[in-house]
Amino acid sequence: MKSIYPSNHKPQENKNLDNMMDEMEKMEFDMLISNCEMHILSTELSIEITEILKEMYMHPDTREKIKEINSKKLLYGLKNFAIANTKSRIQIPKAYFKKCILSALDQTELSTQYDVDTIINEMSNYEGG
């Protein structure tokens with residue numbers, strides 16, 4: 001799941017986006033990030049995802065949608081990204097991850113559930129079986 005960027009990528013916060021946010025936006029974005037429970041991810045991955053979500057929050061086309069993010073939807077999008085990245089090399093990982101997040105936000109509770117056959121099939125794929 002740490003495959004959004006190569007390991008030699010040094011995450012840096014985007015100060016331009018920070019400067020574009022007023023105090024209310026910063027508070028709203030901080031609340032959004034706290035709903036994502038980033039502490040369960042590695043520090044590097046958490047920083048990268050936070051910056052990607054910040055870009056999505058600041059973009060007028062995705063701002064309202066990204067306000068619906070929470071830890072379950074974030075992890076669902078991250079899982080879908082990881083599965084796709086395992087099956088093939090993603091050429092533009094940041095853009096693809098954004099699409100995974102938007103897709104996760106469109107999912108209903110039912111669509112995040114799996115049947116037993118699917119779970120067993122995915123487990124056997126990960127175990128090399």
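Keep in mind that this is a model prediction, so the values were computed, not measured.
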- Candidate pair E28 and M21, rule side chain to side chain contact (heavy atoms under 4.5 Å, CB included), full reasoning: CA-CA 10 Å; E28 184 176 50; M21 297 171 105; over 6 Å; no
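- Evaluation of the side chain to side chain donor-acceptor pair (under 3.5 Å) rule for K73 yields no partner, not counting sequence neighbours.
- Side-chain contact between I90 and F81: present, with at least one pair of heavy atoms (C-beta onward) separated by less than 4.5 Å.
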- Item | Intermediate values then yes/no, side chain to side chain contact (heavy atoms under 4.5 Å, CB included), R63 and M56 | CA-CA 6 Å; R63 182 179 214 145; M56 295 175 79; over 6 Å; no
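- Minimum interatomic distance between K65 and L105 (heavy atoms only, all atoms of both residues): O-CD1, 3.4 Å.
- Every residue meeting the side chain to side chain contact (heavy atoms under 4.5 Å, CB included) condition with I40, not counting sequence neighbours, appears here in chain and number order: L75.
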- Given the rule in the side chain to side chain contact (heavy atoms under 4.5 Å, CB included) test, do L53 and M38 qualify, once you have shown the distances and angles that lead to the verdict? CA-CA 12 Å; L53 293 177; M38 296 287 198; 3.8 Å; yes
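- Listed by first and then second residue, the ring-ring contact (aromatic ring centres under 6.0 Å, His included) pairs that reach into residues 39-67 are F29-Y57, sequence neighbours excluded.
- Partners of E64 under the side chain to side chain donor-acceptor pair (under 3.5 Å) rule, at least two apart in sequence or in another chain, are K67.
- Atom CE of M27 sits about 13.5 Å away from atom CG of L32, to the nearest 0.5 Å.
- The shortest distance between side-chain heavy atoms of F97 and L78 falls below 4.5 Å.
- Here the side chains of E25 and E23 are not in contact, with every heavy-atom distance at 4.5 Å or above.
- For S34, the side chain to side chain donor-acceptor pair (under 3.5 Å) criterion is met by no residue, not counting sequence neighbours.
- Between C36 and S71, the closest heavy-atom pair is O-CB, 3.3 Å.
- The shortest heavy-atom contact between A104 and Y76 is CB-CD2, 3.7 Å.
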- Task: Go through the steps for K94 and E51 under the test salt bridge (charged side-chain N to carboxylate O under 4.0 Å, His left out), then give the verdict.
- Result: CA-CA 10 Å; K94 187 174 174 182; E51 291 307 308; over 6 Å; no
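- Atom CD1 of I101 and atom CG of L74 lie 4.5 Å apart (nearest 0.5 Å).
- For the atom pair CD1 (I66) and NZ (K98), the distance works out to 9.5 Å, reported to the nearest 0.5 Å.
- Annotation: side chain of I69 is not in contact with side chain of N35 (no heavy-atom distance under 4.5 Å).
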- Message: One pair to check against side chain to side chain contact (heavy atoms under 4.5 Å, CB included): L45 and S42. What are the steps and the verdict?
- Response: CA-CA 5 Å; L45 186 58; S42 71; 3.2 Å; yes
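- Partners of K99 according to the side chain to side chain contact (heavy atoms under 4.5 Å, CB included) rule, which considers only residues two or more places apart in sequence or in another chain, do not exist here.
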